[in-house]
Amino acid sequence: MNYHSYFAKGAAPVECCIVGTGAFGRSFLAQSRRTPLVSTRVAVDLSSKTAVAALHSIGVPADEIALCRTKEEAAAAWAEHLFIATDNLETVLGLPFSVVVEATGHPEAGARHARLAIDASKHVALVSKEVDSVVGPGLAARARRNNVLVTPVDGDQPSLLMGLISWAQVLGLNIIAAGKSSEYDFVYDPAENVLTCNGTSVCVPEFAAWLELGDLAAADVAAGRAQAAAALPQRTVPDLCELTLVANATGFTVDRLDLHAPIARIGEVADFFSPVEEGGLLTRKTSLDVFHCLRRPGEVSFAGGVFVTVECNDAQTWAMLAEKGHVVSRSGRTAMLYLPRHLLGIEAASSILEVGLKGVSSGAEEPKPVIDLVAHADADLPAGTLLAASGHHHSITNVSGRMVPAQAMSAESPVPFYLAANRRLSRPVSGGNVILCGDVEIDASSELWRLRQEQDRIFSNGNVAAGLG
């Protein structure tokens, strides 16, 4: 990505509107104040006062912020070059910005915002992965009809992984697996025999036996570490959600419906994500997965980065690269290439510039439904249970996720996880079963449901994935 010519020509900045001023939205606002080619003067949140507070927090003076309740107030504030805060996206859609950054993380609200923006001929930078996992391909198709684009955002792992996969493919590398590290590292203190993740520490007396991969089988080490660390969560729905977006953009699938998710040191990733016949975990190539970065206190982190593992077709070249510190498996036949970063809103500006200046998406311009992230009952759930999504990970009590082949919705098809979120069960579901659309009370007026029906119609000609194997 080269923008020197835009700087040299004094190009006007890409004008944006941010919807949702939580952690991502605020960091994007702050960075856009420092990025010469991006301007974000419009902030939308559930409460206009929250939007005002976000603008204040990044250093915008109070006398430069207009709290707008009507389209007329917004138009006048824009003409006066003020920052605009509002609680309704429709209030500002008539303004001449070109990109709506949807960062609410709310499935229903996010779907509505994306649809409104597309219908107003605005590009959409879709930070809300919850929306994308249910209706992303359909929104992209709707946008193309309106001569705009829906793009993921750099700074989030899906977009970065899509870019890394594309880079490897352009180079002609044969990809075995692609994925990301989980959000929080597993930090092992051998002196105390304690494993810490996201502020939770547990005593793991059996972990030391599995600390080194050595000559052990990768499958045995993965199972041993997982068992020793069983008190810590090792699968989260956001990880599956992000990889669902990558599947729909790239056509990659998964080797296991809830992922292998091994606990692995950075230097071991090429061994774990290699074919079983070479001592790895994978029974199929072009698989998506996640690992939990295992490290000692003070050791470098993978920092929520992304990776691909590739075939080492030229032994001499990869032996040379291994000597230079690149991660090559014990067999010498698999290597890991990686980006150890994801900078959230700080990095999102690159995707805004791609779509705003060049008219291209940071992901696939024509994603297709390959994978559905669906809801799975981990315990018996009685009729009437509210599937409330809460917390940082938008988790649902006693419900986990599975990545299954995408299919059109029907009463007997698995319900997408974020379509089920915050709705009640209309009938009981036994533990160990996926939750079906017919099990959930879905209001016909639901924006997300209507957009998913539209997506199903668009891809009813056979473009929906046939399956995983």
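From a predicted model like this one, the values you see are computed outputs, not experimental measurements. Along the sequence shown, the residues carry numbers beginning at 1. Values below: every heavy atom of this structure, side chains too, minus hydrogens, waters and symmetry copies.
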Sequence neighbours left out, cut at 3.5 Å: what donor-acceptor pairs do the side chains of residues 359-366 make with other protein atoms?
{"unit_1": "S361", "atom_1": "OG", "unit_2": "T151", "atom_2": "OG1", "d": "3.3"}
{"unit_1": "S361", "atom_1": "OG", "unit_2": "G363", "atom_2": "N", "d": "2.9"}
{"unit_1": "S362", "atom_1": "OG", "unit_2": "S351", "atom_2": "OG", "d": "2.7"}

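- In this structure, a donor-acceptor pair under 3.5 Å is absent between the side chains of S182 and D239.
- Salt bridge status for K129 with E102: absent, with no side-chain N to carboxylate O gap under 4.0 Å.
- Using a 4.5 Å cut-off on side-chain heavy atoms (C-beta onward), R295 and Y188 make no contact.
- There is no side-chain donor-acceptor pair under 3.5 Å between E242 and T244.
- Side-chain contact check for Q453 and R450: no donor-acceptor pair (N or O, by modelled atom type) lies under 3.5 Å.
- With hydrogens and angles disregarded, a donor-acceptor distance shorter than 3.5 Å links the side chain of R225 to the backbone of W210.
- Side-chain atoms of H326 never come within 3.5 Å of backbone atoms of A322 as a donor-acceptor pair (strictly under, hydrogens ignored).
- Under 4.0 Å is where a charged nitrogen must lie from a carboxylate oxygen, and between E347 and R341 at least one such pair does.
- From F307, atom CZ reaches atom CG of L337 across 11.0 Å, with rounding to the nearest 0.5 Å.
- Counted by atom type alone, S430 and D380 present zero donor-acceptor pairs between their side chains at under 3.5 Å.
- Other residues, nucleotides and ligands contribute more than 12 heavy atoms inside 6.0 Å of the CG atom of D443.
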Exercise for review: Step by step, work out the salt bridge (Lys or Arg N to Asp or Glu O under 4.0 Å) result for R452 and D372.
Suggested key: CA-CA 11 Å; R452 179 52 189 249; D372 272 328; 3.0 Å; yes

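- Annotation: the span from L373 atom CG to L257 atom CG amounts to 11.0 Å, rounded to 0.5 Å.
- Between the R402 side chain and the A375 main chain, no donor and acceptor come within less than 3.5 Å of each other.
- Side chain of T196 to main chain of S201: no donor-acceptor pair is present (N/O by atom type, distance under 3.5 Å, no hydrogens or angles).
- Between atom CD1 of residue I176 and atom OG of residue S287 there is a gap of 10.0 Å, rounded to the nearest 0.5 Å.
- Q234 and H292 share no donor-acceptor pair across their side chains, judged by distance under 3.5 Å alone.
- Between the side chains of H342 and D156, no donor-acceptor pair is found at a separation under 3.5 Å.
- In this structure, E441 does not pair ionically with R427, as no charged nitrogen and carboxylate oxygen lie closer than 4.0 Å.
- Between the side chains of E311 and T334, no donor N or O sits under 3.5 Å from an acceptor N or O.
- Within the 4.5 Å cutoff, the side chain of N313 has heavy atoms near those of the N174 side chain.
- When atom types are taken as modelled, the side chain of E15 and the backbone of F97 share no donor-acceptor pair closer than 3.5 angstrom.
- Between the side chains of S426 and R424, no donor N or O sits under 3.5 Å from an acceptor N or O.
- Residues T283 and R256 have side chains that never bring a donor and an acceptor to within less than 3.5 angstrom of each other.
- The CG atom of L160 sits 11.0 Å away from the CD1 atom of I165 when rounded to the nearest 0.5 Å.
- Residues satisfying the side-chain hydrogen bond (donor to acceptor under 3.5 Å, both in side chains) test with S413, not counting sequence neighbours, are none.
- Defined by atom type and a distance below 3.5 Å, a donor-acceptor pair is missing between the side-chain atoms of S121 and N146.
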Practice item. Could you walk me through whether R265 and R296 pass side chain to side chain contact (heavy atoms under 4.5 Å, CB included), step by step? Key: CA-CA 10 Å; R265 302 178 78 167; R296 291 184 174 93; 2.9 Å; yes

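- Counting non-hydrogen atoms of neighbouring residues, nucleotides and ligands closer than 6.0 angstrom, the CD atom of E299 exceeds 12 such neighbours.
- The aromatic rings of F302 and Y338 sit parallel, their planes meeting at an angle under 30°, below the 60° perpendicular limit.
- In this structure, S128 contributes its side chain and E130 its backbone to no donor-acceptor pair below 3.5 Å.
- Between the side chain of S32 and the backbone N or O of V38, no donor-acceptor pair lies under 3.5 Å.
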